[in-house]
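Everything numeric in this text was worked out from a predicted model, so none of it was measured. Along the sequence shown, the residues carry numbers beginning at 1.
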Amino acid sequence: MVDRRHLLALIPIPFLVLAQAELLASVLSGGTGLALLCLVIGARVLVWWAHRVLAHRAAERTRTRLREAFLRTPGSKAGEVATLVTRGVHDVTPYVVGYLPQQVLAVAVPLAVVVRLGFADLIAALTILATLPLIPIFGALVGAHTRERTARQWDALATLGGHFLDVVRGIGTLRAFGRAEAQSTTVRELAARHRTETMSALRVAFLSALVLEVVATMSVALVAVPVGLRLLDGGVPLQTALLVLFLAPEAFLPLRAAGAQYHASAQGREVLAKVPQYEETSGQTPPDLAHAEIVFDGVTVRSLKDFSLTIRPGDRIALVGPSGAGKSTVLGLLLGFVRPDDGRVLVGGVDLKDIDHRQWLDALSWVPQRPTLVPADLSSGERQRVALAAALDRRRAGLFLLDEPTAHLDADTESLVLQATREFTRGRTAVIVAHRPALLDEVDRVVRV
């Protein structure tokens, strides 16, 4: 899911770090190579700039993949998905651009430095090798608290986003029943909870930054002070001492940067941790709906309790019942957008959750209660007619799902639609949510939900 190709641009960095330190030590100790040093520094800047460009492109590709994964998943919570595809995917950018590259450099650069110093000054190399693990150890200790607080922060944000979306959707109803102010109070309370969790996570992040800086500074000092003393005693050449002093901070720098980026990318990691819940997995090919029975086997979900129904091939069934009884939920189950809390939906003896969702949708034709057409400046009735025409034109569909298809039509148009529906669904399975009596004359069975 995460695009990592930009990490290949980091390959020259360890070699350029070594070359820069070697040339700088040579120049300051009275040697030559100033022009070559300038060239190496310029190459290091150019490589890092190219990597940043590629990293941002990789981040954009990653955000696109994540949006597709989150949006196409059946049975998702609308509020959480809305938060993920807006704020969530953007939080992944620091992870791709900052944390992943520093993870690579935190391994490659210290290793290159230790190997080079092993030939130049074995004591300094061993000191660096002994002190390097201190940074990840202290970072892991603080990072455990960071993960916990970041998870709570994300849960608070997802709850706030989901609740706010529900309030916006139902603002008309809330105002009609005088509940708008109460929901405003709830939103403020959720926002305050998110603010508290955010400040808690930031406090830990600042603490960890301080810890890593102190540990890294002390580690560099443990290398620099002995080298300086040995230089005064004549135990080490000036160029070698300078090489150690220049390479020691370079060994610890990627680890310090990785620690800083760890906290900057914490939200992004929480988002990526949710990807397995949303990734669409391939399943079985759908059975032929011309011959397959659809069976609701004791399904319980939302307001639908222990619902059982057998739909034979070619059946035209009307679902009737009071508002909120679960008629549209039945269609959601057939579409795969809703998953049962208990029970199963079987198609030709195969559990619907085991069928490839994309192929299953290709075998259906669906008209929702309120079709959305973008862009289209149409009235409710016009949108309904366009959606019906598009649905009925799917001649390969083996199952038609119509949610109150004539709800926004006048009597004459309703008559034309019913005639077209009768012709197009002849010999094919259809499930219709019906409120108007005219629809009941077009079906073979009426099922009360």
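The structure places CG of Leu346 at 9.5 Å from CG of Asp354, a figure rounded to the nearest 0.5 Å. In this structure, NZ on Lys353 lies 10.0 Å from CD on Gln284, to the nearest 0.5 angstrom. We find the CG-CG distance between Leu335 and Leu401 to be 5.0 Å, quoted to the nearest 0.5 Å. Taken to the nearest 0.5 Å, the NE2 atom of His51 stands 11.5 Å off from the CD1 atom of Ile11. How far CG of Leu399 is from CD1 of Ile294: 4.5 Å, rounded to the nearest 0.5 Å. Rounding to the nearest 0.5 Å places CG of Leu132 at 6.0 Å from CG of Leu255.
Applying ring pair (Phe, Tyr, Trp, His ring centres under 6.0 Å) to Trp366 and the options Trp360, Phe337, Phe400 leaves one that passes, Phe337.
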Give the intermediate values and the outcome of side chain to side chain contact (heavy atoms under 4.5 Å, CB included) for residues Gln20 and Ile41.
-> CA-CA 7 Å; Gln20 178 180 316; Ile41 293 175; 4.0 Å; yes
Stepwise side chain to side chain contact (heavy atoms under 4.5 Å, CB included) check, Arg44 with Val17 | CA-CA 8 Å; Arg44 188 174 175 182; Val17 167; 3.5 Å; yes
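Here the shortest heavy-atom pairing between Ala125 and Gly118 reads CB-N, 3.6 Å. Residues Pro313 and Ala292 come closest through the heavy atom pair CG-O, 3.5 Å. Closest approach of Ala9 and Val47 over heavy atoms only: O-CG1, 3.4 Å. Summarising the geometry of Arg4 relative to Tyr95, their closest heavy-atom pair is NH2-OH, 3.9 Å, with the distance given to 0.1 Å. Counting all heavy atoms, side chain and backbone alike, Val109 lies closest to Pro254 at CB-CG, 3.9 Å. Taking each heavy atom of Gln102 and Ala258 in turn, the nearest pair found is CB-CA, 3.8 Å.
Using a 4.5 Å heavy-atom cutoff, the side chains of Pro101 and His6 are in contact. Counting heavy atoms from C-beta on, the side chains of Thr285 and Asp356 never come closer than 4.5 Å. Here the side chains of Val96 and Asp3 are not in contact, with every heavy-atom distance at 4.5 Å or above. Residues Thr429 and Ile317 are not in side-chain contact: their nearest non-hydrogen atoms beyond the backbone lie 4.5 Å or more apart. Looking only at side-chain heavy atoms (C-beta outward), Gln103 and Leu7 stay at 4.5 Å or farther from each other. You'll find the side chain of Pro340 reaches within 4.5 Å of the side chain of Leu333, heavy atoms only. For the pair Leu364/Leu334, no side-chain contact is recorded, criterion being any heavy-atom separation below 4.5 Å from C-beta on. Annotation: side chain of Glu250 is not in contact with side chain of Leu18 (no heavy-atom distance under 4.5 Å).
For Pro249, the side-chain contact (heavy atoms from CB on, under 4.5 Å) criterion is met by Val220, not counting sequence neighbours. The side-chain contact (heavy atoms from CB on, under 4.5 Å) check on Leu111 picks up Val115, with sequence neighbours excluded. Under the ring-ring contact (aromatic ring centres under 6.0 Å, His included) criterion, Phe252 pairs with no residue at all, not counting sequence neighbours. Every residue meeting the side-chain contact (heavy atoms from CB on, under 4.5 Å) condition with Trp49, not counting sequence neighbours, appears here in chain and number order: Leu46, Val53. Applying the ring-ring contact (aromatic ring centres under 6.0 Å, His included) test to Phe296 and every residue at least two apart in sequence or in another chain returns Phe307.
Side-chain atoms of Thr310 never come within 3.5 Å of backbone atoms of Val295 as a donor-acceptor pair (strictly under, hydrogens ignored).
No more than 12 heavy atoms of other residues, nucleotides or ligands lie within 6.0 Å of CZ in Arg57, so this atom counts as exposed by the packing criterion. Heavy-atom neighbours of Arg193 CZ from other residues, nucleotides or ligands within 6.0 Å: above the threshold of 12.
Within the structure, salt bridge (charged side-chain N to carboxylate O under 4.0 Å, His left out) contacts touching residues 311-330 (residues at least two apart or in different chains) are Arg312-Asp315, Asp315-Arg445.
Salt-bridge annotation for Glu60 and Arg63: present, with a side-chain N of the basic residue lying under 4.0 Å from a carboxylate O of the acidic one.
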